[in-house]
Amino acid sequence: AGSVREYEELGHYDLTHPYSFGVGAALNFKYVTLAGYIYITDWSQLKPSARAGVDDKLYKEIYQEVTRWHVGAEFNMPELATKIRIGFYENPIPFKSVYLKTDRRYFTLGAGVLIDQVMTLDVAWNHGVNEFRDNRINMVKESYSTDKFFVSLAYRL
């Protein structure tokens, strides 16, 4: 017969998240919209509550400032009531790591179709990659990729 183990919560504490700052811009032409965005967060400013018993210095040693950025374009095809979207963004991992070779990078592709003037169907694909390596032997240890598909339907009132 197996044994049953009871686990207790080892602690509970609140975290104060750091401020994040972002700025974006878009250029709109007749059939094309170009957009970009930069978002900065200094995760080393993460603070536990006083009752957590964790030294703030630990967070400064583990976390770092990261800059996330996005670029993209949307192509409007009014004769087909369709919009095609393409983009790229980088979403860095906030942990300091000697094993990180590449930050998380994502390629996006999508389309939106206007159906009967009141309904929109949007589909999108998001492909991401990043790698880790051991600096001592300069060999890739882990390679990650993700694929996400999104579908939405919107009705205009």
Side-chain angles (χ1 to χ4, degrees), residues 7 9-52 54 56 58-97 99-133 140-157:
Y7 293 94
E9 188 176 334
L10 297 176
H12 174 81
Y13 55 93
D14 297 320
L15 291 173
T16 302
H17 284 255
Y19 287 103
S20 296
F21 301 95
V23 63
L27 296 171
N28 193 6
F29 302 98
K30 186 172 183 180
Y31 295 108
V32 178
T33 300
L34 303 174
Y37 188 79
I38 296 174
Y39 194 78
I40 299 169
T41 305
D42 185 359
W43 286 100
S44 68
Q45 299 300 313
L46 192 67
K47 301 269 188 229
S49 62
R51 68 177 183 209
V54 178
D56 287 356
L58 178 64
Y59 287 90
K60 293 190 185 308
E61 291 174 15
I62 295 173
Y63 292 98
Q64 64 186 349
E65 179 181 298
V66 295
T67 302
R68 188 174 75 211
W69 57 273
H70 302 246
V71 292
E74 179 180 76
F75 304 93
N76 188 7
M77 299 183 296
E79 64 280 352
L80 299 175
T82 302
K83 294 182 179 186
I84 304 294
R85 300 174 192 100
I86 188 169
F88 181 83
Y89 68 99
E90 189 170 271
N91 189 7
I93 295 172
F95 304 106
K96 294 178 183 176
S97 173
Y99 298 106
L100 182 64
K101 182 177 179 188
T102 60
D103 279 317
R104 297 176 293 187
R105 296 178 179 154
Y106 298 89
F107 171 75
T108 61
L109 184 64
V113 179
L114 183 62
I115 302 170
D116 197 27
Q117 303 299 318
V118 294
M119 191 174 295
T120 305
L121 172 66
D122 284 294
V123 295
W125 169 59
N126 181 311
H127 175 71
V129 295
N130 69 299
E131 292 181 344
F132 292 89
R133 71 169 180 217
V140 173
K141 294 290 225 176
E142 299 175 9
S143 179
Y144 294 93
S145 71
T146 60
D147 287 288
K148 296 178 183 178
F149 296 92
F150 303 90
V151 178
S152 67
L153 195 59
Y155 184 80
R156 297 179 189 182
L157 297 177

For a quick test of your reading: what N or O donor-acceptor pairs under 3.5 Å do the side chains of residues 115-130 make, sequence neighbours left out?
unit_1: Asp122; atom_1: OD1; unit_2: Arg85; atom_2: NH1; d: 3.1
unit_1: Asp122; atom_1: OD1; unit_2: Arg85; atom_2: NH2; d: 3.4
unit_1: Trp125; atom_1: NE1; unit_2: Asp147; atom_2: OD1; d: 2.9
unit_1: Asn126; atom_1: ND2; unit_2: Tyr89; atom_2: OH; d: 3.1
unit_1: His127; atom_1: ND1; unit_2: Thr146; atom_2: O; d: 3.4
unit_1: His127; atom_1: ND1; unit_2: Asp147; atom_2: OD1; d: 2.8

Table please: side-chain donor-acceptor pairs of residues 20-39 below 3.5 Å, with sequence neighbours left out.
unit_1: Ser20; atom_1: OG; unit_2: Thr41; atom_2: OG1; d: 2.6
unit_1: Asn28; atom_1: OD1; unit_2: Thr33; atom_2: OG1; d: 3.0

Fill in: Smallest separation among heavy atoms of Pro18 and Asp42, with atom names
CB-O, 3.3 Å
Fill in: Heavy-atom closest contact (Val66 atom, Pro94 atom, distance)
CG1-CA, 3.7 Å
Item to complete: Answer yes or no: is there a side-chain heavy-atom contact under 4.5 Å between Arg68 and Pro92?
Response: yes
Practice prompt. Kindly compute the distance separating CZ (Arg105) from OG (Ser145), expressed to the nearest 0.5 Å.
Written response: 14.5 Å
Worksheet item: Hey, what do you get for OG1 (Thr67) to CG (Asn91), rounding to the nearest 0.5 Å?
Response: 11.0 Å
Worksheet item: Which of these, Phe107, Trp69, Tyr106, sits in a ring-ring contact (aromatic ring centres under 6.0 Å, His included) with Phe88?
Response: Trp69
Discussion item. Working to the nearest 0.5 angstrom, can you tell me the gap between Thr108 OG1 and Ile86 CD1?
Written reply: 7.5 Å
Discussion item. For Phe149, I'd like to know if atom CZ has over 12 heavy atoms of other residues, nucleotides or ligands within 6.0 Å.
Written reply: yes
Worksheet, complete the sentence: Rounded to the nearest 0.5 angstrom, the CD-CZ distance for Glu90 and Arg104 is 10.0 Å
